[in-house]
Amino acid sequence: MAVKDDVLAALGKVLSPDGKPLTQSGTLSDIVATDGKVFFSITVDAAAVKQWEPVRERAEAAVRATAGVTSALVALTGERAPGAGSAAPSRRPQMQAPPGRPQPGGHAPPSPAGIPGVEAIIAVASGKGGVGKSTTAVNLALGLRDLGLKVGILDADIYGPSMPKLLAIRERPQTIGGTRLKPIVRHGIPVMSIGFLIEEETPMIWRGPMVMSALTQMLREVEWGALDIMVVDMPPGTGDAQLTMAQQVPLKGAVIVSTPQDLALIDARRGIAMFRRVNVPVLGIVENMSYFLCPHCGERSDIFGHGGARAEAERLAVPFLGEVPLDMEIREKSDSGQPVVAVAPDGALAKIYRDIAARVRDEISIASRPAPKIVIEA
Ligand SMILES: Nc1ncnc2c1ncn2[C@@H]1O[C@H](COP(=O)(O)OP(=O)(O)O)[C@@H](O)[C@H]1O
Ligand SMILES: [Mg+2]
């Protein structure tokens with residue numbers, strides 16, 4: 001790959017704070033170069049981030065000046081040094097304790113910094129793909145908007161971004177001052193997705209640090225403006241990206257999307273366990289493709305054994321947020337980039353999503369309440 005070699009050569013001329021060439025500093029992730037767009041991250045000790053910021057800038061400028069490169073995104077990621085700090089031991093997100101096992105040391109990691117101007121960040125998640133998580137995320141965001149809230153959407157599904165298609169977005173985000181990105185606005189909602197930056201055919205070589213840096217960049221280097229709620233469409237599963245999100249930003253809570261089938265519910269349970277492990281409140285479960293309403297006769301059939309998610313929510317003591325039917329209109333509209341809440345706001349489906357949005361809003365305010373102080377009398 002010619003561009004990649006040229007990029008490496010350019011980075012060899014950028015010096016790290018100790019005077020060594022960047023390429024010999026052991027801080028570089030894999031370099032992803034597709035169609036002239038180059039991404040990589042520099043991972044350094046958290047205490048040295050300030051010193052490294054100019055290096056990041058120089059690296060980005062050097063890459064951008066390389067022939068064949070049309071855009072460059074370089075993320076600087078701070079990592080806690082081993083043994084540093086008293087609370088959590090240093091570990092990368094992908095090295096978290098596996099499900100079910102308690103966190104080593106039993107300490108919660110220090111709270112990550114918020115995004116200035118953004119009141120609450122919530123994740124829409126599912127244990128597996130294809131359950132309608134992205135469709136739910138978009139329509140939930142629109143429902144929240146209809147409640148009068150300022151909403152943004154971050155598509156954190158690095159491996160399978162959905163927002164370009166669900167919102168029919170083909171343009172590229174503009175940059176402000178070279179480094180910060182302007183989100184694309186649709187239906188009054190600012191949206192950011194890795195899908196706006198890379199081509200669909202980009203190979204799935206994004207791993208741990210790459211996922212982390214791309215997410216960090218989309219969170220922190222985008223002009224989100226003032227938002228009441230940022231809705232994050234999470235990648236399916238309980239891997240790196242989810243843990244990264246939970247560690248990089250203070251998530252107010254998570255909405256779990258599940259279909260009624262048992263298998264999906266097992267995955268949903270895994271998702272819930274993961275958020276609990278990182279101390280993110282589960283705001284509730286949405287049962288998607290819950291039942292089928294025949295468009296011809298209006299008869300309702302519970303093709304997947306509807307109601308599983310409600311029962312499961314009760315069993316797990318998490319709120320049940322509502323059920324969305326399996327409906328051709330939802331599929332056709334989402335697949336053509338016209339989410340149902342935006343284009344048929346007076347319909348029954350839009351109302352279902354708005355009701356779910358209202359419950360989510362209420363759960364967020366419950367989750368935001370400070371824990372009651374317990375005063376022990378001497
Ligand atoms: N309630 C629904 N009724 C009909 N089709 C749906 C519904 N929810 C999602 N879909 C369709 O199912 C497919 C997968 O949905 P998507 O939101 O992309 O899932 P995920 O993000 O979980 O992979 C899409 O084609 C979408 O249009
Ligand atoms: Mg999706």
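Keep in mind it's a predicted model, so treat the numbers as computed, not measured.
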Check for a donor-acceptor pair, side chain of [X] on one end and backbone N or O of [Y] on the other, with a separation under 3.5 Å.
X: S16; Y: D18; value: no
X: E287; Y: A309; value: yes
X: R145; Y: H187; value: yes
X: R180; Y: T175; value: no
X: R56; Y: V74; value: yes
X: T27; Y: V44; value: no
X: K4; Y: I31; value: yes
X: R354; Y: P345; value: yes
X: D157; Y: G160; value: yes

Within a radius of less than 6.0 Å around NZ of K333, do more than 12 heavy atoms belonging to other residues, nucleotides or ligands occur?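 Check passes, neighbour count above 12.
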CD of E57: more than 12 outside heavy atoms within 6.0 angstrom? yes
Determine, for E60 against R64, whether the closest basic-nitrogen to carboxylate-oxygen distance falls under 4.0 angstrom.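 So E60 pairs with R64 through a salt bridge.
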Could you tell me whether R270 and D267 have a side-chain N and a carboxylate O separated by less than 4.0 Å?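 A salt bridge is present here (some side-chain N lies under 4.0 Å from a carboxylate O).
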To the nearest 0.5 Å, what is the distance between [atom1] ([X]) and [atom2] ([Y])?
X: D155; Y: M218; atom1: CG; atom2: CE; answer: 6.5 Å
X: L349; Y: D327; atom1: CG; atom2: CG; answer: 4.5 Å
X: E312; Y: R315; atom1: CD; atom2: CZ; answer: 4.5 Å
X: L147; Y: D228; atom1: CG; atom2: CG; answer: 10.5 Å

Would you list the atom pairs, donor with acceptor, under 3.5 Å between side chains in residues 163-171 and any protein atom, with sequence neighbours excluded?
| unit_1 | atom_1 | unit_2 | atom_2 | d |
| --- | --- | --- | --- | --- |
| E171 | OE1 | R186 | NH2 | 3.3 |

Candidates L251, I122, V124 - the one meeting side chain to side chain contact (heavy atoms under 4.5 Å, CB included) with L283: I122
Least distance between heavy atoms, [X] atom then [Y] atom:
X: V151; Y: P190; value: O-CD, 3.1 Å
X: S365; Y: D362; value: OG-O, 2.9 Å
X: F40; Y: V63; value: CE2-CG2, 3.8 Å
X: G129; Y: P236; value: N-CB, 3.4 Å

Evaluate D233 against S134 for side chain to side chain donor-acceptor pair (under 3.5 Å), listing each step before the verdict. CA-CA 6 Å; D233 182 11; S134 302; 2.6 Å; yes
